[in-house]
Trainee: 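Before I ask anything, here is the structure I am working with.
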Amino acid sequence: MDMGNQHPAISRLQEIQKEVKSIEQQVIGFSGLSDDKNYKKLERFLTKQLFEIDSVDTEGKGDIQQARKRAAQETERLLKELEQNANHPHRIEIENIFKEAQSLVKEKIVPFYSGGNRVADEFEEGIQDIILRLTHVKTGGKISLRKARYHTLTKICAVQEIIEDCVKKQPSLPLSEDAHPSVAKINSVMCEVNKARGTLIALLMGVNSNETCRHLSCVLSGLIADLDALDVCGRTEIRNYRREVVEDINKLLKYLDLEEEADTTYAFDLGQNHSILKIEKVLKRMREIKNELLQAQNPPELYLSSKMELQGLIGQLDEVSLEKNPCIREARRRAVIEVQTLITYIDLKEALEKRKTLACEEHPSHKAVWDILGNLSEIQGEVLSFDGNRTDKNYIRLEELLTKQLLALDAVDPQGEEKCKAARKQAVKLAQNILSYLDLKSDEWEY
């Protein structure tokens with residue numbers, strides 16, 4: 001149709017669709033909850049567009065009716081996606097875990113900054129458990145969930161860093177006020193910084209409604225200005241004291257930027273993260289080695305060279321920067337397990353090959369353990385090839401096979417033979433490790 005002769009109703013519908021399209025990425029990436037201001041803002045906007053679409057007069061014309069129907073469907077799709085993002089079960093899971101962190105901060109940290117003596121060990125253990133559980137929340141690659149998980153982890157890890165920095169850093173401060181008149185002012189500022197640290201933690205965790213990030217930023221900037229104005233008369237120890245306090249303030253200001261960064265950064269997308277790319281490169285090579293071993297006509301010829309290269313891959317993983325990101329830490333941990341499991345597989349295969357060359361009598365119980373190890377080696381090869389989830393029939397079959405081997409080992413009577421006891425213990429540990437590896441491969445975790 002000639003644009004110059006296009007019906008005004010069609011033009012209006014196209015304008016509305018353009019406006020709806022302009023906020024599509026905001027809806028797709030919305031990581032909050034249904035009571036958030038931004039949710040209500042997006043919901044109002046889309047609802048308004050639906051009313052606008054509904055008010056377009058089709059004049060009974062089929063092409064306009066179809067255009068209005070398409071515009072309404074697109075708008076309703078975004079409304080539905082917005083609602084699903086805010087109410088997704090895993091988004092609710094993230095929020096519930098965050099609430100646990102809030103309770104922990106209220107119970108263990110707020111009293112600390114209100115005059116308590118030390119941070120309880122329960123806090124450190126509790127916060128570590130919370131961080132671990134957050135890293136295991138499944139996002140299915142959904143942008144909104146990845147953002148929600150990343151932002152929540154960022155805030156909780158920031159609190160953990162602030163606490164650890166405060167507890168571990170025990171400088172020779174404050175200086176005696178007799179040293180110089182400026183020391184009294186620096187001591188006073190340091191007390192204010194300690195209060196601000198507690199306020200910042202409460203702000204990050206959403207347990208302080210009487211303060212804002214902007215106001216705290218102004219307070220901290222004012223403290224830096226006060227310190228800059230001090231005359232330290234060239235006294236090195238006082239200058240160093242002032243510098244340490246200024247560094248503490250700058251660290252706190254850095255954490256205040258977290259909320260703003262949360263809306264502008266793409267750090268949640270770890271797919272392009274340098275450390276993750278290094279891990280993926282290692283895993284790719286590990287899989288190539290694994291496939292070569294499992295498909296080789298004469299695997300023993302590859303054992304030595306494969307083990308050497310796999311040990312090198314472990315070294316590469318040790319050099320990966322974690323960037324204080326628990327998801328990267330978890331990705332590296334899993335990659336190390338993947339590589340180490342393949343090394344263990346080769347070690348067992350080598351031991352079984354070597355045993356074939358030894359023609360000597362052995363205790364029946366010891367022989368029974370080796371027979372089970374032979375079974376475990378075959379099962380481990382299948383587990384290495386397994387690529388599915390826990391609902392797969394093959395997963396259930398492999399789990400049952402491993403359980404049977406554990407029961408068989410439990411039935412072996414060492415008859416007092418220490419060598420047999422040690423062999424059985426190692427075999428049980430191997431079977432349990434293979435089971436754990438099977439669980440790891442099938443839990444559908446993603447960074």
Side-chain angles (χ1 to χ4, degrees), residues 1-96 98 137-152 259-273 276 387-393 444-447:
M1 181 183 288
D2 184 358
M3 294 298 291
N5 298 323
Q6 185 168 265
H7 195 286
I10 295 287
S11 299
R12 177 59 187 143
L13 287 169
Q14 288 177 345
E15 288 172 10
I16 296 171
Q17 283 182 293
K18 189 175 180 181
E19 289 181 37
V20 170
K21 188 73 175 175
S22 69
I23 67 159
E24 183 176 16
Q25 291 307 311
Q26 292 182 53
V27 172
I28 292 171
F30 179 75
S31 59
L33 299 165
S34 56
D35 57 354
D36 290 357
K37 287 182 180 178
N38 201 32
Y39 178 91
K40 297 183 186 302
K41 177 184 173 184
L42 291 169
E43 185 183 43
R44 280 196 303 268
F45 178 85
L46 290 169
T47 303
K48 180 186 175 185
Q49 300 313 308
L50 273 178
F51 285 129
E52 290 285 336
I53 292 167
D54 193 53
S55 69
V56 172
D57 184 4
T58 65
E59 301 175 8
K61 294 182 178 179
D63 58 339
I64 302 177
Q65 289 174 342
Q66 286 299 314
R68 188 172 73 172
K69 183 180 178 181
R70 285 194 299 271
Q73 286 175 337
E74 178 62 19
T75 307
E76 286 168 353
R77 181 186 67 80
L78 288 183
L79 264 172
K80 184 178 180 181
E81 180 154 4
L82 179 65
E83 183 180 356
Q84 288 176 339
N85 285 350
N87 296 289
H88 194 286
H90 291 162
R91 180 63 186 90
I92 303 302
E93 182 184 358
I94 291 169
E95 183 62 17
N96 289 337
F98 183 63
V137 172
K138 294 179 175 61
T139 66
K142 195 172 173 64
I143 292 175
S144 61
L145 290 175
R146 285 161 66 188
K147 283 179 72 173
R149 185 179 68 174
Y150 173 78
H151 297 160
T152 306
E259 285 303 311
E260 183 177 342
E261 289 175 5
D263 293 324
T264 58
T265 185
Y266 283 90
F268 70 88
D269 184 7
L270 290 178
Q272 298 304 313
N273 178 276
I276 290 292
D387 184 21
N389 56 46
R390 293 174 187 174
T391 61
D392 289 358
K393 289 182 180 179
E444 301 176 276
W445 182 81
E446 82 289 323
Y447 44 75

Trainee: Any side-chain heavy-atom pair from V137 and T152 closer than 4.5 angstrom?
Mentor: no

Trainee: Working to the nearest 0.5 Å, report the span between CD of Q84 and CG of L79.
Mentor: 11.0 Å

Trainee: OG1/T75 to CZ/F51 distance, rounded to the nearest 0.5 angstrom?
Mentor: 12.5 Å

Trainee: Which atoms form the tightest heavy-atom contact between A9 and V56, and what is the distance?
Mentor: CB-CG1, 3.7 Å

Trainee: Do the charged groups of E15 and R12 touch, with an N to O distance under 4.0 Å?
Mentor: yes

Trainee: Which heavy atom in I53 sits nearest to a heavy atom in R68, and how many Å separate them?
Mentor: O-CD, 3.2 Å

Trainee: Can you confirm whether H90 sits close enough to K142 that some side-chain heavy atom of one is under 4.5 Å from a side-chain heavy atom of the other?
Mentor: no

Trainee: Ignoring hydrogens, what is the shortest heavy-atom contact between S22 and Q26? Give both atom names and the distance.
Mentor: O-NE2, 4.3 Å

Trainee: Of all the heavy-atom pairs spanning I10 and A67, show the shortest one and how long it is.
Mentor: CD1-CB, 3.7 Å

Trainee: Over all heavy atoms of both residues, which pair between E19 and Q49 is shortest? Give the atoms and the distance, please.
Mentor: OE1-OE1, 3.6 Å

Trainee: Side chains of Y39 and E83: closer than 4.5 Å at any heavy-atom pair?
Mentor: yes

Trainee: Not counting sequence neighbours, which residues clear side-chain hydrogen bond (donor to acceptor under 3.5 Å, both in side chains) with E74? List them please.
Mentor: R77

Trainee: Yes or no on side chain to side chain contact (heavy atoms under 4.5 Å, CB included) for Q6 and Q14, after CA distance, side-chain angles and deciding distance?
Mentor: CA-CA 11 Å; Q6 185 168 265; Q14 288 177 345; 3.0 Å; yes

Trainee: Is there a side-chain contact between L78 and L82 in this structure, where contact means two heavy atoms from C-beta onward sitting under 4.5 Å apart?
Mentor: no

Trainee: Kindly indicate, with the supporting measurements, whether the criterion side chain to side chain contact (heavy atoms under 4.5 Å, CB included) is fulfilled by I92 and N96.
Mentor: CA-CA 6 Å; I92 303 302; N96 289 337; 3.7 Å; yes

Trainee: CG of N389: more than 12 outside heavy atoms within 6.0 angstrom?
Mentor: yes

Trainee: For K21, is there an ion pair with E24 - N to carboxylate O distance below 4.0 angstrom?
Mentor: yes

Trainee: Considering all heavy atoms of both residues, which atom of A86 and which atom of L33 are nearest to each other, and what is their separation?
Mentor: O-CD2, 3.7 Å

Trainee: Taking R91 for its side chain and S31 for its backbone only, find out whether a donor-acceptor pair lies under 3.5 Å.
Mentor: yes

Trainee: Would E81 and N85 count as a side chain to side chain contact (heavy atoms under 4.5 Å, CB included) here? Give the steps.
Mentor: CA-CA 6 Å; E81 180 154 4; N85 285 350; 4.0 Å; yes

Trainee: Report the distance from atom CG of L46 to atom CD of E76, rounding to the nearest 0.5 Å.
Mentor: 10.5 Å

Trainee: Test side chain to side chain contact (heavy atoms under 4.5 Å, CB included) on H88 and S144 and set out the steps.
Mentor: CA-CA 10 Å; H88 194 286; S144 61; over 6 Å; no

Trainee: CD1/I143 to CZ/F30 distance, rounded to the nearest 0.5 angstrom?
Mentor: 14.5 Å

Trainee: Hey, could you give me the CD1/NZ distance between I16 and K48, rounded to the nearest 0.5 Å?
Mentor: 10.0 Å

Trainee: If you measure from NE2 on H151 to CD1 on I94, what distance do you get to the nearest 0.5 Å?
Mentor: 10.5 Å

